[in-house]
Structure formats: structure tokens, C-alpha cells
Amino acid sequence: MKKEQRADRFARHENNDSTLDKILKPPARAANVITDDATLEANHAQGIKPACLCAPANAAEIASVLRFAAENKIPVLPRGGGTAQGIGSPPPPDALVLSTKRLNTLIHHEPGDMVATAEAGMTLRDFQNALAQNGQWLPLDGDPNATLGGLIATDRSGPRALATERCATWFSA
Ligand SMILES: Cc1cc2nc3c(=O)[nH]c(=O)nc-3n(C[C@H](O)[C@H](O)[C@H](O)COP(=O)(O)OP(=O)(O)OC[C@H]3O[C@@H](n4cnc5c(N)ncnc54)[C@H](O)[C@@H]3O)c2cc1C
């Protein structure tokens, strides 16, 4: 998309969302929506501060956040480790950031099958450390603070992909 088209899209979006301020105030606000300035500043993308942030802890909470956003026509921006927020198109200024930081559990690891199941917010560092307990590792060389969800979303493969395979090869959702 061209720069002018993008600017136009965001301008239209801002004009249409005049109700956002009202929505973010109780009682319409979803229970786990965070709106304090310090948190929002820390979760900016390309210098653009989101309107609010949610950090759901399970699938039911994710569903409730997405329902809230859909009902109120609020754009959703998933966020993992936030290690590469300077890349890509800038987000709309009034987005709801859905942080995966509380979805950080290794659910299951079967070393004999070389299969592990983990939540999207688990960092690459924690995942590698868990696999290492059984002498295994994931052949990716991303930022250790990147999350599995962020790696999959961007198919972050890195130079090691030349010797092994692309990121997407190692995951199934
Ligand atoms: C728009 C974009 C494109 C990129 N493309 C590449 C690439 O082609 N090759 C490469 O090697 N590196 C790429 N990177 C760098 C890569 O994102 C980082 O190296 C790292 O893997 C990101 O992990 P993170 O947890 O820090 O994600 P973040 O920096 O938090 O997010 C990165 C992107 O993934 C999305 N995302 C994060 N978690 C989830 C999730 N659970 N579900 C859905 N979406 C999610 C975010 O909305 C954001 O667009 C890209 C980064 C961005 C922001």
C-alpha cells in the first residue's frame, strides 16, 4: 500500500472512531483493559502509542478481548516480545494491543517424538532452555526475547535457515 493511501486509511479510521474514548471508560470497558500512559508508551509500535492494552491469560480471555474489540470496531494489534516494532507498516493510532506476555507456558514436551507444545507468548529463550533439558534445541537464531507467536507470525528465519529450514517448517498451529 502506498504512503498516501495508508495515511488516508488512518485518517478515515480516526474520524470514524469518535466513540473510542467513551468505550474505554467503565462500564463499557472490558475488565482487563489497561490504559495507563506508562504501559501504553512502553508498548508503542513505531512510536505510535496504542489506545489500550490487554494481556489475556487463556483462550477464554483472548476470546473476550476479541469480542470486545469486534463489537466496538477497535483494530487489534498482537504483540509478543516487541523485539522488532520498528518494522512494517505503522499501526492505526487507536489500536488495542493484545499482548501475549501471560501466555508463556510450555504445555507439553515429548523428547522421544521431538514434539513440544507451547503457548504463543513463550520466549525463544525459555523454549530453548526447556528443550535443552533433554539435549534438544530449535534451529532458529532469533532474538531470545522474541516469542514463538512473533516468530511464526513473521516467519522469522535468520541466517541459520540457510543450513536448516525456514521458521515455518518447525511449527504447526
Ligand atoms: C511487520 C514485521 C515483519 C517482519 N518480517 C520479518 C521477516 O520477514 N523475516 C524475519 O526474519 N524477521 C521479520 N521480522 C522481525 C521479527 O518480527 C522478529 O525478529 C521477531 O521474530 C519478532 O518476535 P516478537 O515476539 O518480538 O514479535 P513482536 O515484535 O512483538 O511482533 C512482530 C509482529 O508479529 C505479530 N505478532 C506477534 N505475536 C503474534 C501472535 N501471537 N499472533 C499473531 N501475530 C503476532 C505482531 O503484531 C507484529 O506484527 C518482522 C517484524 C515485523 C514487526
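In this chain, numbering begins with 1 at the start of the sequence shown. Source: prediction; values computed, not measured. We count ligands from 1, going down the list as the structure has it; atoms in each ligand are counted the same way.
Each of the following atoms of ligand 1 lies closer than 4.0 Å to a heavy atom of Thr83: 18 (C), 20 (C), 22 (C), 23 (O), 24 (P), 26 (O), 29 (O).
Put simply, the side chain of Met122 reaches to within 4.5 Å of the side chain of Leu106, judged on heavy atoms.
At least one heavy atom of Leu151 sits less than 4.0 Å from an atom of ligand 1. Under a 4.0 angstrom heavy-atom cut-off, Gly82 registers as being in contact with ligand 1.
For the residue pair Gln133/His109, the side-chain donor-acceptor check at 3.5 Å is not satisfied.
Within the 4.0 Å heavy-atom criterion, both parts of Ala84, backbone and side chain, lie near ligand 1. Only the side chain of Ala120 comes within 4.0 Å of ligand 1, judged by heavy-atom distances.
Counting non-hydrogen atoms of neighbouring residues, nucleotides and ligands closer than 6.0 angstrom, the NZ atom of Lys49 exceeds 12 such neighbours.
Each of Asn104, Thr147, Thr105, Asn58 was evaluated against Glu119; a single residue qualifies, Thr105, per the side chain to side chain donor-acceptor pair (under 3.5 Å) test.
The closest heavy-atom contact to atom 24 (P) of ligand 1, among the options Pro78, Pro91, Gly81, comes from Gly81. Summarising the contacts of atom 12 (N) of ligand 1 with Arg156, Glu119, Lys101, Arg166, the nearest heavy atom is found in Arg156. The closest heavy-atom contact to atom 51 (C) of ligand 1, among the options Val76, Thr154, Asp155, comes from Thr154. Nearest to atom 31 (O) of ligand 1 by heavy-atom distance, out of Gln85, Gln46, Arg79, is Gln85.
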